[in-house]
Amino acid sequence: MFVTIVCVLLPGFELEVAAGGRSVLAQGPAALAPEPGREQFVGDVSPAAEAFGIHAGLRLTEALARCPSLALVPPDPVGVADAWERVVARLEAVGAEVEVGRPGQACFAARGLRRLHGGSLDGVFRAVREALRRPARIGAGPSRFCAVAAAARARARRPEVVQGADDLADEPAALLRTREVTRALVDPLEQLGIITLGALAALPRAAVADRFGSAGLLAHDLALGRDTPLIPRPLQERLEEVLELEESASGVQLGRALTLLVDRLLARRDRGGRTLRTAVLSATLVEGGTWRERVVFREPTADATRVTLALGQRLQLLPAPAEALRLAVEAFGPAHPGGTRLFDDGVARRRGRLREAVRQARAVAGPDAALRVLEVDPDSRIPERRAVLTPFEP
């Protein structure tokens, strides 16, 4: 089979970022602790923890029962997202159209890159290693799952290639944990004595479907080397706003800070009138650590009230007071339509003219040309903290 997919695997990436370096991976059994308010499952684990049978997605109580000396590292979702974005940007710099999975795993098609890097797959491997400038496991295969399996058994200086079902036959069924849909099937399969992908592929497809449903059919396809096509992420610029809070903020003050962030983001000139489809709200916590929530709007919008309302509901999940807030756009929608009501009383036309006047003023004098007063802490004894100026959006 013709090799078309390359996988780059960075084992323990989230644990490494949260711990501040790779040294924690060699110090003993360690695992990424669950995020506050989320399900109690451990994240990435160190090689020493794997020796105790601990893996990502294992319930916290069971992980501690298997290894009482397990060190739990507080998660850092914001730091992980920023570090992973830098890794993906380096892969895109070599010409790859990257499908972004969980942090630490990226796949891309190699067919178009061969001519750019010497005409061979080895040239693509060298270009990736030079771009990453860090140890990484690189694998290739005719499908995404084959490439992931190859990367799992590769080493930093020795890429691997998996050609199909024959090469997958001796691989452990635990590789199914790399997919969200098939992760829960690993334990039932092992209890049934199916510990390799070859044993799974040998089962009748109808029997697998009857026992495990659609997830079982996908697992059977993966064991045979078949997989769904890659979905590369679209290339677009990053738009974000950061607000440093002078004091640990919570409650009403945090809500007003969110309003200020939304106003600033929507007033950015490089937004180009586009609506927001997906946004990421994150915070740096006073007690240490970070918090991150991804919000997909029901429909693309550029209305400040609707954006603030949707994000404000997620902000209530913040586990501790914050010292900084960040709002970033992950995906844009189409430009905001300029339609009017069926029975227009002139309000929409006046608002449209006001928006155009504000846009022209900002084009000439910058984003601070039209501002409004937003109360932040009206009861503060310090006058400068009672209110701030925020971009005015009619």
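Ionic pairing of R59 and E62 is not present here: no N-O contact between side-chain nitrogen and carboxylate oxygen is shorter than 4.0 angstrom. For R134 and E16, the salt-bridge test passes: some basic side-chain N is under 4.0 Å from an acidic carboxylate O. Taking the charged nitrogens against the carboxylate oxygens, R153 and E171 do have a contact shorter than 4.0 Å, which makes a salt bridge. Under the 4.0 Å criterion applied to side-chain N and carboxylate O atoms, R137 and E160 are not assigned as salt-bridge partners.
You'll find the side chain of E241 reaches within 4.5 Å of the side chain of R268, heavy atoms only. For the pair F145/L175, a side-chain contact is recorded, criterion being any heavy-atom separation below 4.5 Å from C-beta on.
With sequence neighbours excluded, the residues forming a side-chain hydrogen bond (donor to acceptor under 3.5 Å, both in side chains) with D263 are R372, T390, listed by chain and number. With sequence neighbours excluded, the residues satisfying side-chain hydrogen bond (donor to acceptor under 3.5 Å, both in side chains) with R306 are E299. For D76, the side-chain hydrogen bond (donor to acceptor under 3.5 Å, both in side chains) partners are T290, not counting sequence neighbours. With sequence neighbours excluded, the residues forming a salt bridge (Lys or Arg N to Asp or Glu O under 4.0 Å) with D82 are R326, listed by chain and number. In this structure D170 satisfies the salt bridge (Lys or Arg N to Asp or Glu O under 4.0 Å) test with no other residue, sequence neighbours excluded. With sequence neighbours left out, E50 forms a salt bridge (Lys or Arg N to Asp or Glu O under 4.0 Å) with no residue at all.
L10 and V100 fall within the same hydrophobic cluster, defined by Ile, Leu, Val, Met, Phe, Trp and Tyr side-chain heavy atoms under 4.5 Å apart, directly or through other members. Follow the hydrophobic side-chain contacts under 4.5 Å out from V208 and you reach L185 in the same cluster.
In I195, the CD1 atom is not crowded: 12 or fewer heavy atoms of neighbouring residues, nucleotides or ligands sit closer than 6.0 Å. Heavy atoms of other residues, nucleotides or ligands lying less than 6.0 angstrom from CG of D187 number more than 12.
Note that R274 lies in the cation-pi zone of F332, set by a 6.0 Å cut-off to the ring centre and a 45° limit from the axis.
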